[in-house]
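What follows is one structure encoded as structure tokens, with my remarks underneath.
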Amino acid sequence: MKELRLFNSLGQKMETFVPEIPGEVAVYVCGPTVYNHPHIGNFRPAIVFDLLRRVLLALGYKVTYVSNYTDVDDKIINRAMELGISEKELTESVIKEYRGLIDELGCLQPDITPTPTAYMDKIIAYVKDLVDSGHAYVVGGDVYFRVSSVPHYGELSGNSVDSLLSGARIEVNSKKESPLDFALWKATEVGIRFDSPWGKGRPGWHTECCVMIDSIFKSRDGHIDIHGGGFDLKFPHHENEIAQSYAHNGNGLATYWLHNGFINIDNEKMSKSLGNVLLAKDVIAEYGAMAFRMMVLSAHYRAPLNFTPDTIAEAKKGYERLQAAYRSLGIYLQANGVDDPSSLPSSSLDEFLTPLCEDLNTPNALTVLYAKIKQSNADLRACKGNIEPLKADFAALRDYSKILGLNVKYPCIQNIGKQLYREYFDAKANKDFAKADELRGKLTEMGIWMN
RNA sequence: GCAUCCAUAGCCAAGUGGUAAGGCAAGUGACUGCAACUCACUCACCGUCGGUUCAAAUCCGGCUGGAUGCUCCA
């Protein structure tokens with residue numbers, strides 16, 4: 001099996017990927033809080049970790065890919081009240097939209113998409129365990145995690161407990177033993193809330209992910225191979241997940257921690273306050289889902305990605321070049337005796353996978369793709385009826401596209417199309433340009449012209 | 001203030017010790033009966049100052065500029 005190297009945020013260095021169970025990979029990616037139409041920033045992790053999943057699959061691993069929808073949160077409660085609907089109605093409609101966008105963007109749906117509301121019993125039991133073992137304490141109806149009860153807090157984010165303490169803001173909430181302690185359970189008056197041994201309330205965000213991982217991957221002691229998410233989640237979210245996992249399961253939750261960079265708009269942070277939040281559905285409507293995916297792939301996943309009309313337009317062109325070359329080959333092959341190009345045997349993927357195996361270097365993978373597109377176009381121009389090189393070109397474009405999650409297609413030209421192409425090639429060979437033009441017009445009209 | 005990361009051509013973006021991938025735009029040329037498509041060629045001393053080294057975009061330090069986080073919070 002080809003070696004995959006990944007940059008592990010835990011330790012800040014490149015490491016060779018070695019799964020805990022040979023041949024199998026457990027992945028968890030922090031999903032969105034579903035309170036409003038998803039914006040484009042929600043889909044960078046979705047695309048990046050979908051790519052990781054596809055690379056793992058191409059390398060021959062069996063992958064279990066889990067990504068949650070956070071459906072308990074203040075933002076959800078506030079938004080639901082604004083709209084005058086229940087939290088459940090709101091989250092269900094947003095999840096539905098999100099799932100649709102995932103499809104459009106060429107991402108595979110996760111194998112499992114847990115939601116905290118469905119795990120409430122387990123969350124409460126988990127928090128109770130932490131209280132019982134002395135890693136958490138109850139104040140009023142709240143439960144807080146005792147950060148001082150676990151070693152190495154700050155390991156992931158590069159913070160030390162001392163520096164975090166010195167940088168801590170003046171706490172409004174003085175109920176906590178330490179400013180670093182975080183809420184596992186919070187007593188609430190407003191919105192959706194649940195019964196617990198500590199009264200009515202809601203779970204803390206950090207705990208939700210931990211419990212879902214712990215439950216879904218019970219057979220692995222709640223320890224997964226890869227945990228992914230946006231850069232902003234490193235601290236406190238992932239740091240706190242690690243602390244809880246050490247306290248509850250005696251392990252650090254995940255071996256490899258991967259964090260994707262953010263999307264900026266015109267070199268500015270995308271934020272509500274700046275009023276520059278771009279909704280995924282709007283961007284897709286204007287430029288196409290594949291243009292957006294191509295744009296995400298055009299930069300390394302850890303680097304910031306700048307969204308401007310130019311950058312997405314450029315990505316769109318790149319995708320269209322791929323699509324056009326693939327389509328031309330698909331049609332030409334059918335017109336020349338290959339009835340089902342999609343079933344042509346695969347060619348070697350080694351050259352293409354090599355950059356992807358170096359910490360998902362998609363820009364370099366795209367370089368390989370562009371070279372193949374160029375070669376395909378040149379081969380098609382020069383083939384003179386010899387379709388052998390075209391078969392290999394086609395298979396390569398097909399397989400590369402699949403790994404990148406870029407949807408490409410070609411029309412089935414049917415027997416009538418094959419007949420018209422035979423006549424077209426004959427007419428051209430006989431320099432009967434009037435007839436060739438007519439046939440070209442007809443093929444164009446049918447939507448199956450090569451170019 | 002503390003922490004993490006970044007600074008490569010008009011634009012996007014790889015490369016992390018041995019004299020700068022790729023894409024967009026631009027220019028030149030080729031193919032073609034025509035149009036479109038396509039192909040070839042041209043286009044960077046790597047923010048700045050200093051250090052280490054036979055050798056640095058690549059390592060170290062200063063400076064300048066930028067992104068993000070600092071606890072349930074936008």
Side-chain angles (χ1 to χ4, degrees), chain A residues 7 9 12 14 33 70 72-75 78 142 144-145 147 154 156-160 162-169 171-173 176 178-186 188 202-208 230-240 259 261-264 267-274 294-295 297-300 302-321 324-325 327-328 355 358 361-371 373-382 428 431-434 436-437 440-441 444 449-451:
Chain A
F7 184 86
S9 295
Q12 301 281 8
M14 291 284 285
T33 300
T70 299
V72 184
D73 186 274
D74 285 345
K75 292 192 285 280
N78 294 336
D142 298 345
Y144 294 99
F145 187 86
V147 167
L156 175 67
S157 56
N159 292 302
S160 70
D162 285 345
S163 75
L164 284 168
L165 281 172
S166 70
R169 293 172 180 172
E171 279 291 323
V172 180
N173 181 352
K176 295 194 284 185
S178 159
L180 299 189
D181 293 350
F182 54 91
L184 303 179
W185 188 269
K186 194 162 190 176
T188 52
R202 298 198 302 278
W205 175 39
H206 314 307
T207 311
E208 296 166 355
F231 237 92
D232 57 329
L233 299 181
K234 243 182 179 179
F235 189 89
H237 186 51
H238 290 163
E239 198 71 73
N240 290 351
H259 293 99
F262 266 45
I263 296 181
N264 296 331
N267 278 318
E268 271 188 319
K269 175 187 176 181
M270 184 170 74
S271 72
K272 272 191 205 163
S273 55
L274 289 168
M294 185 61 117
M295 191 184 83
L297 297 176
S298 72
H300 187 85
R302 283 190 280 117
L305 177 63
N306 193 27
F307 182 102
T308 67
D310 285 348
T311 55
I312 184 124
E314 184 187 321
K316 187 180 169 75
K317 278 185 191 171
Y319 167 68
E320 284 171 349
R321 275 187 67 197
R327 182 175 182 278
S328 297
E358 275 299 309
N361 194 324
T362 49
N364 282 345
L366 288 179
T367 295
V368 177
L369 176 71
Y370 283 124
I373 291 170
K374 199 171 274 192
Q375 188 192 338
S376 298
N377 286 327
D379 286 347
L380 182 58
R381 174 71 63 105
K428 267 198 87 164
K431 298 204 183 295
D432 184 350
F433 297 122
D437 279 351
R440 181 171 73 189
T444 302
W449 175 242
M450 293 192 320
N451 296 327

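The basis for the numbers below is simple: all heavy atoms, side chains too, and nothing from hydrogens, waters or symmetry mates. Every chain is numbered from 1 and lettered A, B, ... according to where its sequence line falls, protein lines coming before strand lines.
Using a 4.0 Å heavy-atom distance criterion, A/H300 is classed as a sugar-phosphate-only contact. Backbone-only engagement by A/Q12 is indicated by non-hydrogen atom pairs under 4.0 Å involving sugar-phosphate atoms exclusively. Within 4.0 Å (heavy atoms only), A/R321 reaches sugar-phosphate atoms of the nucleic acid but no base atom. Across all strands, A/G158 comes closer than 4.0 Å only to sugar-phosphate atoms, never to a base (heavy-atom distances). Nucleic acid contact for A/F182: base, since at least one base atom lies under 4.0 Å from a heavy atom of the residue. Counting any heavy atom pair closer than 4.0 Å across all strands shown, A/N377 reaches sugar-phosphate atoms only and no base atom.
Counting only heavy atoms from C-beta outward, the side chains of A/D232 and A/F262 approach each other to under 4.5 Å.
Not one N or O on the side chain of A/T362 forms a donor-acceptor pair closer than 3.5 Å with the backbone of A/S298. The closest donor-acceptor contact from the side chain of A/D181 to the backbone of A/V147 lies under 3.5 Å.
If you take OH of A/Y370 and C1' of B/rA40, they are 19 Å apart, rounded to a whole angstrom. The separation between A/Y319 atom OH and B/rC24 atom P is 17 Å, rounded to whole Å. For A/K374 and B/rC24, the NZ to P distance is 8 Å, given to the nearest whole Å. When the P atom of B/rU71 is taken as reference, atom CZ of A/F145 falls 18 Å away, rounded to whole Å. Taking atom CZ on A/F262 and atom P on B/rC6, their separation rounds to 17 Å, with Å as the unit. Going from atom CD1 of A/I312 over to atom P of B/rA13 covers 13 Å, rounded to whole Å. Regarding A/L297, its CG atom lies at a distance of 14 Å from the C1' atom of B/rA14, rounded to whole Å. For A/L366 and B/rG15, the CG to P distance is 13 Å, given to the nearest whole Å.
Side chain of A/N159, nearest nucleotide from B/rU4, B/rA3, B/rC11: B/rA3. Proximity note for A/N364 (side chain, C-beta onward) versus B/rU4, B/rA14, B/rA3: the nearest is B/rA14.
If you check B/rG10 for Watson-Crick or wobble pairing at under 3.5 angstrom, you find it paired to B/rC24. Under the Watson-Crick or G-U wobble criterion, with both distances below 3.5 Å, B/rC39 is paired with B/rG29. With a 3.5 Å ceiling on both atom-pair distances, the Watson-Crick or G-U wobble partner of B/rC59 is B/rG51. B/rG1 is paired with B/rC70 under the criterion used here, namely a Watson-Crick or G-U wobble arrangement in which both key atom distances are under 3.5 Å. Pairing of B/rU19, defined by two Watson-Crick or G-U wobble distances under 3.5 Å, is not identified with any nucleotide.
In terms of polar N and O atoms assigned as donor or acceptor, the side chain of A/S298 never comes within less than 3.5 Å of the base of B/rA13 in a complementary pairing.
The CG atom of A/N377 sits 7.5 Å away from the CD1 atom of A/I373 when rounded to the nearest 0.5 Å. Considering CG of A/L156 and CD of A/Q12, their distance stands at 8.0 Å, rounded to 0.5 Å. Atoms CG and OG1, on A/L305 and A/T311 in that order, are 7.0 Å from each other to the nearest 0.5 Å. If you take CG on A/D437 and CG on A/D432, they are separated by 9.5 Å, rounding to the nearest 0.5 Å. Between the CG atom of A/N451 and the CG atom of A/L380 there is a distance of 7.5 Å, given to the nearest 0.5 Å.
Along RNA chain B, the nucleotide closest to A/P236 and the one closest to A/A299 are compared, and the more 5′ of them pairs with A/A299. Projected onto RNA chain B by closest heavy-atom contact, A/A378 and A/D181 fall at different nucleotides, the more 5' of which corresponds to A/A378.
Rounded to whole Å, the C1' atom of B/rU48 lies 24 Å from the corresponding atom of B/rC12. Straight-line distance between the P atoms of B/rC45 and B/rA9: roughly 10 Å, to the nearest whole Å. Taking the C1' atom of each, B/rG1 and B/rA57 are spaced 32 Å apart, rounded to whole Å. Only the C1' atoms considered, B/rA44 is 23 Å distant from B/rC59, to the nearest whole Å. A gap of 16 Å separates the C1' atoms of B/rU42 and B/rC24, to the nearest Å. For the C1' atom pair drawn from B/rU53 and B/rG47, the interatomic distance equals 23 Å after rounding to whole Å. To the nearest whole angstrom, the two C1' atoms, one in B/rG50 and one in B/rG18, are 22 Å apart. Taking the P atom of each, B/rG17 and B/rA13 are spaced 22 Å apart, rounded to whole Å.
Ring geometry for A/H259 against A/H238 counts as tilted: the plane angle lies between 30° and 60°, on a 0 to 90° scale.
Under 4.0 angstrom from either OP1 or OP2 of B/rA25 there lies at least one side-chain N or O belonging to A/K317. OP1 or OP2 of B/rG15 lies within a sub-4.0 Å distance of a side-chain N or O belonging to A/N361.
Under the 3.5 Å distance criterion, with hydrogens and angles disregarded, a donor-acceptor pair is assigned to the side chains of A/N159 and A/S157.
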Each nucleotide N or O in nucleotides 29-35 of chain B that has a protein N or O under 3.5 Å away: list the pair and distance.
unit_1 : atom_1 : unit_2 : atom_2 : d
B/rC31 : O2     : A/R381 : NH1    : 2.8
B/rG33 : N1     : A/D437 : OD1    : 3.0
B/rG33 : N2     : A/D437 : OD2    : 2.7
B/rC34 : O2     : A/R440 : NH2    : 3.4
B/rC34 : N3     : A/R440 : NH1    : 3.2
B/rC34 : N3     : A/R440 : NH2    : 3.4
B/rC34 : N4     : A/R440 : NH1    : 3.2
B/rA35 : N6     : A/R440 : NH1    : 3.4
B/rA35 : N1     : A/R440 : NH1    : 2.9

